[in-house]
Each structure stands twice: as structure tokens, then as C-alpha cells.
Amino acid sequence: MFHFRFSTVLKELFELAPLKRPFPACRQRSWSRAPPPPHRRCFGSVPAGDARTGPPRRLAAAQRRSYCVKTEGATSVELEEQLKKDAAEGNDKRRHPGILPSLEDLLFYTVAEGQEKIPAHKFLTALKGTGLRTGDPRLKECMETLKQTLKATPDGVTLDRHLFKKCVQSNIVLLTQAFRKKFVIPDFQAFTSHIDKLYEKAKKLTGGQVADYIPQLAKFSPDLWAVSLCTVDGQRHTVGDTKVPFCLQSCVKPLKYAVAVHDHGTEYVHSFIGKEPSGLRFNKLFLNEDDKPHNPMVNAGAIVCTSLIKQHASNAEKFDYAMNFLKNMAGNEYVGFSNATFQSERESGDRNFAIGYYLKEKKCFPEGTDMTSVLDLYFQLCAIEVTCESASVMAATLANGGICPITGERVLSPEAVRNTLSLMHSCGMYDFSGQFAFHVGLPAKSGVAGGILLVVPNVMGIMCWSPPLDKLGNSVRGIQFCTDLVELFNFHNYDNLRHFAKKHDPRKEGGDQRQQHSFGPMDYESLQQELALKAPLWKKVSPTESDQDSSTTVVYRMDKVSK
């Protein structure tokens, strides 16, 4: 017999629903779990006395699976009496472990498509189609077991049902969600095909200039162009030069602000820094009327914010602390450091030194702060390297409320994430922030290395990277991609207003499928349809001739489809 794992997710997926109460005036068919008469017993069913005296006998490996008796013409009173009787005898769902195939079996039949064995690469290809990667930390145990199992098979390629179940059982909940399209983007392949088209459209742009005021940045080719995304469920897609490391530069500003709020809280951090857009260039020597930097996204605010990280520790400890935070946000994917960029930026950082001395004069730092050490750390954090892929996980951590999607670890407090996204929305795109909020309507932060960190709250994080910048310091291709993305999908903050013209919503299919495929109150026919959707290798078999001599019971079986 098949056995279940009981958890919140599994109950939602495959637990039986409450019985429907039939309308008296309708000839509605309903089903009960009452045992059939002795001469009409389901194959492999257990008498009530056996259930009370001990566990049911296990069936030998058989082709046929026993299912419940279906009653015709039963009254609601009879059903209620039967339910009371079942409750009194303790006949709960666990007495019928064969009522549905296990999740592992359903997954096998879904992938196998009628075959007794499946090649491992077929499973991995199907897995990739859901958006999950084989290197996902959540699937580590599954992938390791698969690797070891294939070594022990005769051909080293195929898996039968029992070996497949052995491989997937440790991660069956996540895999079931993926293959039943329960992720935030259910039709992930269709969605990513649109992303690829937007990428190709932006790739044709040739305007902009690579930043040259930091010599190391000027060395990047203007032809580099990459887009990577990670959803809040850990679905991944990349296109272009997504493995080339580049420095975060100003894209690190919202991240270190989030660390400061996470450690100290909103009130303390904003006793040193304001919350308003400055209306001026990001590197101006200018404070608000309270002699504070306007916000953490301009250089003055970012320098003060740097002084709040791990106060009273050495610069080495502060740097390691910030790096560990960023690595956790990236799900332990690539986060490095470019010493050449750090040295280059410090040597050409006269304007930032001027801002630092101005902040020191106005007593903007916490008491006892060494301004020159803060500036060193500021330059170091700007020189932290990421790839498009690792940075997209950072953005997805923000989109997911501070929990890294691919590790499940809470990295930032909800308070820190909310504040960060608010400031990114209003101040994240230099002097283009207002227009970006108007046209795109999403939190974002740009950097002079050509990156744009974009967050679609509760959906995904995206990193676009292309070195050529417009006159305001934003990536030309990145701005085009973000604009086109929101023109196609209803990701703008106000696209979901009532009576508003609707765009394509890649999440909508997920909502419909959750409603269609989840187990709510249903009759027996609906249950069979659900099983047919999830396990193509199983089918309903018509009642046998011997079953049809009774007007009160009809026995249904689920037989394996013969090859």
C-alpha cells in the first residue's frame, strides 16, 4: 500500500476532502468509506474487526489499487449516521493509506509518461522547466542521493519507480510544489521566453558611456549585457553575460542600510539620516535643514550609514560582518572583492573625502567615529563584486521579506526590508528616481558599474547589468529592460487598481491552478479527475460485470495502464 507523509503542505495537496452533503431533491451521487458487503469487498480492503485488532495487512506488489465504495441513492441521514459510526470506530484517513498514491509515486508517473523507467536527464530537464536548479541548496540531499544511486545502477542512467522514490523522498514537498505549478510563476518557461525577448530588444541599444572617473570601471566592454532573476520560490533564469563579476558600487547602498536598520532599528538609524529625496546630484555637499544627509541612497547618507555598521569594531571586522550579510542574502552564491577597484576608487575619491570632512564638521557621525576609517570601509563596500546571478538572489531576498528564497534563512528583519524598499522606490535611481517611480513603479537601485537592482515585492528580484550609462548615471539597457518589463506585465505598484486596464499577469495562472487543483470539498468523480491529472499512468476502470448486479454499490479500481 502507498503511505503518506502528513504535513501542512501535504494535507493541502493530497488530503481527502470532507464529504459533500447531497441535496434531497437532486439525484446527486456521493461516496462514503463504508466497507462493501463481503461478496463485494474491494481488493485488499480490511474488515472492521481487523482494523480494531491490529494494523491492516500489507498488499503484495499488485497491479491493482483498492479504492472506496461508491454508494448510489444514499440519503443524507444515512450518510450522517455512517459518518458518526466511522468516527466512533476511529476510522480516520489513516485507516485507508491506499486511497491515493504517494507523492513520490505521483511524481514518478508524471515524469515517466507511461514508461517503467525514466532516464535521470529527463527528470532533470523537467525540473529545470519548473525554474528550479539542480544546484539549489534545498535540493542538495536529493541530488546527492541521485548521483549515488545512478552509480549503483547497471546502466548508470535510468531509474525505476523504487529508485526514483528513494532519490526524491527527502525533498518531495518542494518537488511536488514545483511540478504541480504551485510556485509564484506557474508557467515559468512561457514567462522566461518573454524575458528573453525583452533582453534581445534592449541588447540592440548602443547609447551611453562606460563610467571612466574610476579607472577600473572604464575597462569593461560596452557590449556586456546580462539579466538574471530569482523568484521568491527560488525559480531562476539568466540570459547574457550573467557570470561576469562586477562591482556593486551604489547598488550596495540599500543593502548596507538594510543591515544598519536590522541591527539598530529605524529610529536610531534615522536619527543620523533623513528619508527625503534630495533633488540634487548624488555626490553634492549638501545636507537637509536638520544638518543630516537627505537619505541613505546619496553619497553623504551612505557614508554616515557605513559608520553605523558594527560600531566600535575594527575595519576588518566590519568588512567581514558586511560581507557575511551579503553572502547570506545571496544564498552563499558568489560575493567577492575587487582590490584594484577599491584602490582605484580611493585614489580618485576626492569628492567623497570632501563630503566626509563636511559631515565631520556638521557632527553627522556617531560620537567617536574615525572619519577616514569610515571612508575606507565605504570604498571597500562599493568594491564588493557580485555576478548578475548572485545579485538577483539578493534582490529576491528583499522581495521575499528578508528570507533568502534558496536557503530559507531569514537574513533581514521585516522592518529593515520595508524601509529599504520604500527608500529604493523614492530615491534609488539618482536624479531619475521620480521618473522611474512614475513609469516603472518598483523599488530599484542603480550603480555606476552598470547594475540595476530591481525588486518586484512578493514575486522576484532582478539584476540587470550593462556598463554604458546615460547622463544621469543609469544603465541605458537596464532602464529600457525595466520599462519594457512593466509595460508587458502588471508589476507596476498600481497596475492592480480596480477598473484598471489589465496587463498580462504571470501570477494569475498560479492562482487559478491553486483553486482548480487543491483538494476542497469534492465528489468521487472530481477526485478521480484530480488523480488523472497528477498520475497519467493510472486510469479509472469501469465497473466489472459482477459489480453491476447490485443497485446499491459500485466498486471502482485504479489499474495501471498496460504497455
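Since the model is a prediction, treat every value here as computed from it, not as a measurement.
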Under 3.5 Å, which donor-acceptor pairs link side chains of residues 126-133 to any protein atom two or more places apart or in another chain?
| from | atom 1 | to | atom 2 | distance (Å) |
| --- | --- | --- | --- | --- |
| Thr130 | OG1 | Leu127 | O | 2.6 |
| Thr130 | OG1 | Leu132 | N | 3.4 |
| Arg133 | NH1 | Glu389 | OE1 | 3.1 |

Practice problem: Taking Asp376 for its side chain and Phe379 for its backbone only, find out whether a donor-acceptor pair lies under 3.5 Å. | Solution: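 No, the answer is negative, given that no donor and acceptor are paired below the 3.5 Å cut-off.
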Under 3.5 Å, sequence neighbours excluded: what are the donor-acceptor pairs made by side chains of residues 365-373?
| from | atom 1 | to | atom 2 | distance (Å) |
| --- | --- | --- | --- | --- |
| Thr369 | OG1 | Pro366 | O | 2.6 |
| Asp370 | OD1 | Thr372 | N | 3.3 |
| Asp370 | OD1 | Thr372 | OG1 | 2.8 |
| Asp370 | OD2 | Ser373 | OG | 3.1 |

Quiz item: Do Gln480 and Arg477 meet the criterion of a side-chain donor-acceptor pair at a distance under 3.5 Å?
Solution: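 Absent: no donor and acceptor within the cut-off.
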Quiz item: How about Tyr357 and Phe353: are their ring centroids closer than 6.0 Å?
Solution: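 Between Phe353 and Tyr357, which both carry aromatic rings, the centre distance is not below 6.0 Å.
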Quiz prompt | Phe489 ring center near His194 ring center (under 6.0 Å) | solution =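 Ring centres of His194 and Phe489 closer than 6.0 Å.
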Which class fits the ring pair [X] and [Y]: parallel under 30°, tilted 30 to 60°, perpendicular over 60°?
X	Y	value
Tyr199	Trp225	parallel
Phe188	His237	perpendicular
Tyr321	Phe325	perpendicular
Phe272	Tyr268	perpendicular

Quiz item: Is any side-chain N of the basic residue among Arg138 and Asp136 closer than 4.0 Å to the acidic one's carboxylate O?
Solution: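 Judged by the 4.0 Å cut-off on N to carboxylate O distance, Arg138 and Asp136 do form a salt bridge.
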Expected list for residues 434-456: side-chain donor-acceptor pairs under 3.5 angstrom, two or more places apart:
| from | atom 1 | to | atom 2 | distance (Å) |
| --- | --- | --- | --- | --- |
| Lys445 | NZ | Gly428 | O | 3.2 |
| Ser446 | OG | Asn474 | OD1 | 2.5 |

